[in-house]
Visitor: 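Can you read through this structure? Questions will come right after.
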Amino acid sequence: MPDDVPSPHSARPPAGRVALTDDAAALLARLRPVHGELMFHQSGGCCDGSSPMCYPQGDFLLGDADVHLGDLAVVPDDGGPGEPGGARTFTVPVWMSRAQFEYWKHTHLTIDVVPGRGAGFSVEAPEGVRFIIRSRLLTDDEWEALDVS
């Protein structure tokens, strides 16, 4: 899937910095009942390489050294009854270390999933797959719409 094509199972607000593919959305929908609320952190560090790490909310401590890139809205497409009260859409926040953000601030990131094992700290590791980042430069219009100074 090309990086600039948003998933119909994700909400990508105008001028968003992050999106996810259909495969990544489906995996998140499978992981959430097992692990609860989820989050991504993209550090670019040595132990986890440059893969986005998916954690249960609160298992990775965030601080002033992290930037919130956006929230991915995931709509499970499993044909199931939904959650109590009919709520089916859930959000997954995406964070990045501030140092890494300085290098990547001009990019749009799409979270995808591929076969293979990534770092053992990310919740998808036992599934035999790993999340990856696909990136592209933001267009001039997207950059303007972000209203960055």
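Numbers here are sequence positions counted from 1. Basis for what follows: all heavy atoms, side chains included, without hydrogens, waters or symmetry-related copies.
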Visitor: For S122 versus P52, what's the shortest heavy-atom pair and its separation?
Guide: OG-O, 4.1 Å
Visitor: Excluding sequence neighbours, so at least two apart, what forms side chain to side chain donor-acceptor pair (under 3.5 Å) with T91?
Guide: none
Visitor: Is there side-chain contact between E37 and R32, with heavy atoms separated by less than 4.5 Å?
Guide: yes
Visitor: Are any of the side-chain heavy atoms of T139 and L137 separated by less than 4.5 Å?
Guide: no
Visitor: Taking atom types as modelled, find out whether D112 and T21 have a side-chain donor-acceptor pair closer than 3.5 angstrom.
Guide: yes
Visitor: Quick one: list whatever passes ring-ring contact (aromatic ring centres under 6.0 Å, His included) with Y103, sequence neighbours left out.
Guide: none
Visitor: Return the CZ to CG distance between F131 and L27, rounded to the nearest 0.5 Å.
Guide: 4.0 Å
Visitor: Enumerate the salt bridge (charged side-chain N to carboxylate O under 4.0 Å, His left out) contacts for residues 97-108, please, sequence neighbours excluded, ordered by first and then second residue.
Guide: E102-K105
Visitor: With H68, which residues qualify under ring-ring contact (aromatic ring centres under 6.0 Å, His included), at least two apart?
Guide: W95
Visitor: Do L38 and L28 have side chains that approach each other closer than 4.5 Å (heavy atoms only, starting at C-beta)?
Guide: yes
Visitor: Could you work out, with side chain to side chain donor-acceptor pair (under 3.5 Å) as the rule, every residue matching E127, not counting sequence neighbours?
Guide: none
Visitor: Considering only NZ, NE, NH1 and NH2 on the basic side and carboxylate oxygens on the acidic side, decide whether E124 and R130 come within less than 4.0 Å.
Guide: no
Visitor: Do Q42 and F101 have side-chain heavy atoms sitting under 4.5 Å apart?
Guide: no
Visitor: Can you name the one residue among D71, L72, V74 that meets side chain to side chain contact (heavy atoms under 4.5 Å, CB included) with F90?
Guide: V74
Visitor: Of all residues at least two apart in sequence or in a different chain, which pass the side-chain contact (heavy atoms from CB on, under 4.5 Å) check with L61?
Guide: none
Visitor: Other than V114, what residues sit in its cluster of Ile, Leu, Val, Met, Phe, Trp and Tyr side chains whose heavy atoms are under 4.5 Å apart, directly or through others?
Guide: I132
Visitor: Heavy atoms, side chains only, cut-off 4.5 Å: are R17 and L109 in contact?
Guide: no
Visitor: Who are the side-chain contact (heavy atoms from CB on, under 4.5 Å) partners of P56, not counting sequence neighbours?
Guide: H35, D59, V123
Visitor: Quick one, M39 and L62 - any side-chain contact, counting heavy atoms below 4.5 Å?
Guide: yes
Visitor: Indicate yes or no: at least one non-hydrogen side-chain atom of T110 is less than 4.5 angstrom from one of V18.
Guide: no
